[in-house]
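Values below: every heavy atom of this structure, side chains too, minus hydrogens, waters and symmetry copies. Throughout, protein chains are lettered first and strands after them, A, B, ... in sequence-line order, and every chain is numbered starting at 1. Since we're looking at a predicted model, the values are computed, not measured.
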Amino acid sequence: MPYLYIDPGTGSLVAQIVIAGVVAGWVFFKNFFRKLFFRKSTDSSESGVSESNP
Amino acid sequence: MVSSPVNIPHDFFTEQGSFRDETGFIFYKDSQVFRAIRRDKASDYSLLMKSGLYKELVSTQCLISHEPSTNSRFAQGALSDYIVISPKKVPFISYPYEWSFQQLKVAALLTLRIQKIALRSGMTLKDSSAYNVQFLGTRPVFIDTLSFEKYEVGKPWIAYRQFCQHFLAPLAIMHYKKHNLSRFLQLHIDGIPLDIASSVLPRRSYFQSALAAHIHVHAKIQGRHATNQWKKNNTEPVLSKSKLLLMIDHLESGIKNLESGKKLSLWSNYEKEHNYSNNAIAMKAELIDQWAKKIKPEFTWDCGCNTGKFSEIAAKYSCYTIGLDSDANCIDFFFGQAKKKDVHNILPLVFDFNNPTPSIGWANSERKTISERGTADLILALAVIHHFRIANNVPWNYIAQLFKKWINPQGWLIVEFIEKEDSQVQRLLSSRKDIFADYDLSSFLASFSAYFDVVEKTQLPESRRWLCLMKSKA
């Protein structure tokens, strides 16, 4: 029964590091673009305020 | 029987399912539960208590509370090497393969919430078995005080695979396939292997990022590295805490996105589609209310509870009520309703009477049958025995024996008998030969009278249904 010697835990640790890295990268880019758009919308609203209140 | 890890007093007995953890074990005496913790391995337990994590988890109702045991008998003999604590008793132990989709989902979210709180306090869960979660009514609670260990910076979450196998995989399968597939967990006591889950799930599950990552990619990498012996190499895998927390958030949002499949089933519509009048239902509800009020049971088991209408009536007078039904959709609906009403003394469970939960695991004694986990003071068997007798050909005396086994020696049974002429019984008979010559009220009562005294029997108005109150014979 050679399958009894297979260690599923090792592969899982490798998977965890790969998956956590990808998830972290994905969240980083998601937040980066969100901030980018958020700043843009803030900038436009700020500019709108400044235009209405010269 | 598996013997205890140490010699405990002869009038105490060990929980057969707690042998895996080398740091301690559970044992019982009467209705009290004790947990023994090895003094030489108690550093993680001490950290749990001193770090404020225990206090935080108990105050947020995430973790079961415990008291130090004051029993002087534990200070002598082999148990003197152990710290003995007495956790609050869970009224009825249930298993993940008896839970509906929503129950498994809330248990999964609780485990992740605990892991996040633990990481903030410098600890981590060393195992994330679904068996570590129990229900106090509809509220999930983590019961394993010894599952916490000190978090070492850079160390990956050792219980990650177990979490995916015990929670994510079955939830995903139930989401995409059938709602009643939590029974898969009965076959795989340590959760559904990820390669099996990955092969069972449809291709569209790849578009759910949590399932793509934590099941499909996880299974593939696991398969590729299965024969590597990383632990023996010098380089230890490193995962920063921030990445670990992001991964847990990702798991959490993935699980929140999973929903139960079909909302309604034949039985969850039954309440609306039944064939008897409002007068008959009112009378049935009134009699159950009246009888349960008189009996005041500690434990009520509602066998064939459907969506829990009558369980809720009995629960008004019972300390704890368990609703059992083979239909996972009914139980999911029942659980959802009870949770909304914040009912804490009703536990709905998926239970197939024709093929009940067996004892499984090592020596067939890790996880127990229902009768090994408790007895009922009152059993409700409402409009259910005709299914046993006709749909499964179970003889009357077998049905009576089963209830007798489940009821405590002074217990009560409220059973509804439906005559053969009733349209629901006719529906059952429509597709099979009527070989049930003894299907009548007198034969039913004669068989049950061997085990129970018939205290009262009433015919429900405008129906061919009888409600009988029976008391277990000494």
How close do A20(A) and L239(B) get, heavy atom to heavy atom, and via which atoms? CB-CD1, 3.4 Å

In short, P156(B) meets L13(A) closest at the heavy-atom pair CB-CD2, 3.9 Å

Structural part of V22(A) lying under 4.5 Å from a heavy atom of chain B: neither

Quick one: does Q16(A)'s side chain have a donor or acceptor within less than 3.5 Å of a partner on Y160(B)'s backbone? no

Gap separating the CG atom of L246(B) from the CZ atom of F28(A), nearest 0.5 angstrom: 11.5 Å

Measure the shortest side-chain to side-chain distance between I17(A) and V238(B) over non-hydrogen atoms and say whether it is less than 4.5 angstrom. no

Report the residues that fulfil salt bridge (charged side-chain N to carboxylate O under 4.0 Å, His left out) with K41(B), sequence neighbours left out, ordered by chain and then residue number. E22(B)

Distance-only donor-acceptor hits, side chain of residues 186-198 of chain B, under 3.5 Å, sequence neighbours excluded:
| residue | atom | partner | partner atom | Å |
| --- | --- | --- | --- | --- |
| Q186(B) | OE1 | R183(B) | NE | 3.2 |
| Q186(B) | OE1 | R183(B) | NH2 | 3.1 |
| D190(B) | OD1 | Q162(B) | NE2 | 3.3 |
| D190(B) | OD1 | H166(B) | NE2 | 2.8 |
| S198(B) | OG | H216(B) | ND1 | 2.8 |

Would you give the length of the straight line joining atom OG of S12(A) to atom CH2 of W157(B), rounded to the nearest 0.5 angstrom? 10.5 Å

Answer yes or no: are there more than 12 heavy-atom neighbours, outside K150(B) itself, under 6.0 Å from its atom NZ? no

Could you give the distance from CD1 (I215(B)) to CD1 (I19(A)), rounded to the nearest 0.5 Å? 10.0 Å

